[in-house]
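To keep things clear, I will list the structure first and then write my remarks on it.
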Protein chains: 2
Amino acid sequence: MSGRQGPRGRPQGWQAIRDDVLARIRAREWPPGAPIPHEADLAEAYGAARATVNRALRALAEAGWLDRRRKAGTRVALNPVRRATFDIPVIRLEVEGRGMTHAHRLLARCERPATAAEAERLALPAGATVLALETLHLADDRPWAWECRIVWPKAAPGVREADLTAISVNEWLVRNAPFSHGSIAFSAVAAGHEAAGRLGCAPGAALFAIDRTTWAGPDPITEVRLLFAPGHVLSSTI
Amino acid sequence: MSGRQGPRGRPQGWQAIRDDVLARIRAREWPPGAPIPHEADLAEAYGAARATVNRALRALAEAGWLDRRRKAGTRVALNPVRRATFDIPVIRLEVEGRGMTHAHRLLARCERPATAAEAERLALPAGATVLALETLHLADDRPWAWECRIVWPKAAPGVREADLTAISVNEWLVRNAPFSHGSIAFSAVAAGHEAAGRLGCAPGAALFAIDRTTWAGPDPITEVRLLFAPGHVLSSTI
DNA sequence: GGCGTTATTAAGTATATACATAATATCCGA
DNA sequence: TCGGATATTATGTATATACTTAATAACGCC
């Protein structure tokens, strides 16, 4: 949490109000569940306009510290749900961001009809053909992540023609097939024989997995499972 | 992405501007890296005040779609970094949210000097005494997560006296020792013998792990490792 | 007392205006 | 031509004002 800095490194303006309110919440001056003064009162107390106070309180509400409802007023959140946010960049950038060099190999590429399960999950029309791709991402020439993906070419025009050995599907899609929404799930899975072979680890090793599905409006673009080499850690600050 | 709804379910006001700008970005009318019109121009184009346009563009910048810099103007983000945000509630609420009943058992509790590694990680004073706790969380009477935690009582006054069999440490800390910041990391680890025993799974099974450290200003509050029973999935929408 | 209508309230949004700030662009002198 | 001072510019923030909206509270009727 930062902001415009005043003479002694303290934020000014709405960020100062935000920080002061947060300090009072932390100090239990306004305990969880308790209502805090109205915007108008706070505005007067801080000698600021209501819009400025609104900006500060809105920021705290977005961060999960306050619950705000029209007419009901503003209350300190009862269950201080903390949000962890993870940036999900292109794999290449993730690797390079750790000071390693990235490379990828397109291990397999074929067009085939979607399986029943895939068609179900992605709401694909019956008998739809998908592009199935298998990519190995390398960091400093060592296996980093194994990517198994299906793409629905209808929702990603141009994939068929793209040279996916030069640019990874991952990156191609990010740049050429913007999605409107999707889901992401993290889990831990035991390496199967195939994964173990790809990633150069023992079968049964604990692997970090990311499953992601993305959509462009009503159309599914892609579904992917990423299995990372053992030891992978996804971290963030809260 | 939602907002105030107009007659046909379409957002109004600044959210309409946000959605329109986003649509143009998606349609490549403003391709990645390209500058978009100035706030003042957009305001005129949309027939709105600059503050309203500002609100819309700020929202898109926070979501990672735009890069904004004073004087330099506003550009479509070159690397559309998508952010996944996870709510990190109290474990009890997470379990109950899935329609199961939560219970916990305090397996161990002792006060001991911090190990060298712990003191290092948490910047504890030499020879500091920490409270070490081991808790098993149950969902519908089946193991859900195994929690190994150390707490620095100095930064969490009252923990020593708290009845941690009635309320889990997890929840006690959330309610009584608000933190200012911290770190969180997700990974996959193989179950050791102890974890396997606690969670009722085979040794070597792939477990989803969350490591978290929280601070109250300069003081470390707690460090915890959560190992979830096999099959645990952390999901979110993006 | 129970229930539906109305009044009130506090947040949400929109606007015009003004000034601040951080980059960039320009200019000018050595 | 280089480097530093200066002007310019787009965003960032603050303000007063006004109106909207959702939810609660009050009211009055039956």
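The figures here come from the full heavy-atom set of this structure, side chains too, leaving out hydrogens, waters and symmetry mates. Order of the sequence lines sets the chain letters (A, B, ...), proteins ahead of strands, with each chain counted from 1.
Contact check, Arg55(A) against dA14(D): no side-chain N or O comes under 4.0 Å of OP1 or OP2. The phosphate of dT11(D) (OP1 or OP2) has no side-chain N or O of Arg58(B) nearer than 4.0 angstrom. Dashed line: the shortest gap from a side-chain N or O of Gln15(B) to OP1 or OP2 of dT13(C) is under 4.0 Å. Remark: Arg68(B) is in phosphate contact with dG12(D), judged by side-chain N or O atoms under 4.0 Å from OP1 or OP2. Between Thr74(A) and dA10(C), a side-chain N or O to OP1/OP2 separation shorter than 4.0 Å is absent.
Enclosure of atom CG in Asp141(A) is not indicated, since only 12 or fewer non-hydrogen atoms of other residues, nucleotides or ligands lie within 6.0 angstrom.
For DNA chain D, the residues of residues 35-53 of chain B within the heavy-atom distance limit of 4.0 Å (strictly under) are His38(B), Glu39(B), Arg50(B), sorted by number.
Phe186(B) has its ring centre less than 6.0 Å from the ring centre of Phe208(B).
Among the nucleotides dT13(C), dT9(D), dT13(D), the one closest to the side chain of Trp14(B) is dT13(C). You'll find that the side chain of Asn54(B) is closest to dT13(D), out of dT24(C), dT13(D), dT21(D).
For the pair Thr74(A)/Asp67(A), no side-chain contact is recorded, criterion being any heavy-atom separation below 4.5 Å from C-beta on.
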ring-ring contact (aromatic ring centres under 6.0 Å, His included) between His232(A) and Trp144(A), worked out: CA-CA 8 Å; His232(A) 186 75; Trp144(A) 174 264; 5.2 Å; yes
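Checked against Glu39(A) for a salt bridge (charged side-chain N to carboxylate O under 4.0 Å, His left out), the options Arg55(A), Arg70(A), Arg68(A), Arg58(A) give a single hit: Arg68(A).
With respect to Arg121(B) and Glu223(B), a salt bridge is recorded, a charged nitrogen being found less than 4.0 Å from a carboxylate O.
Each end of the helix from dG1(C)-dC30(D) to dA30(C)-dT1(D) gets its own axis, taken as the rotation carrying the C1' atoms of four end pairs onto the next four within a five-pair window, and the two axes meet at 0° to the nearest 10 degrees.
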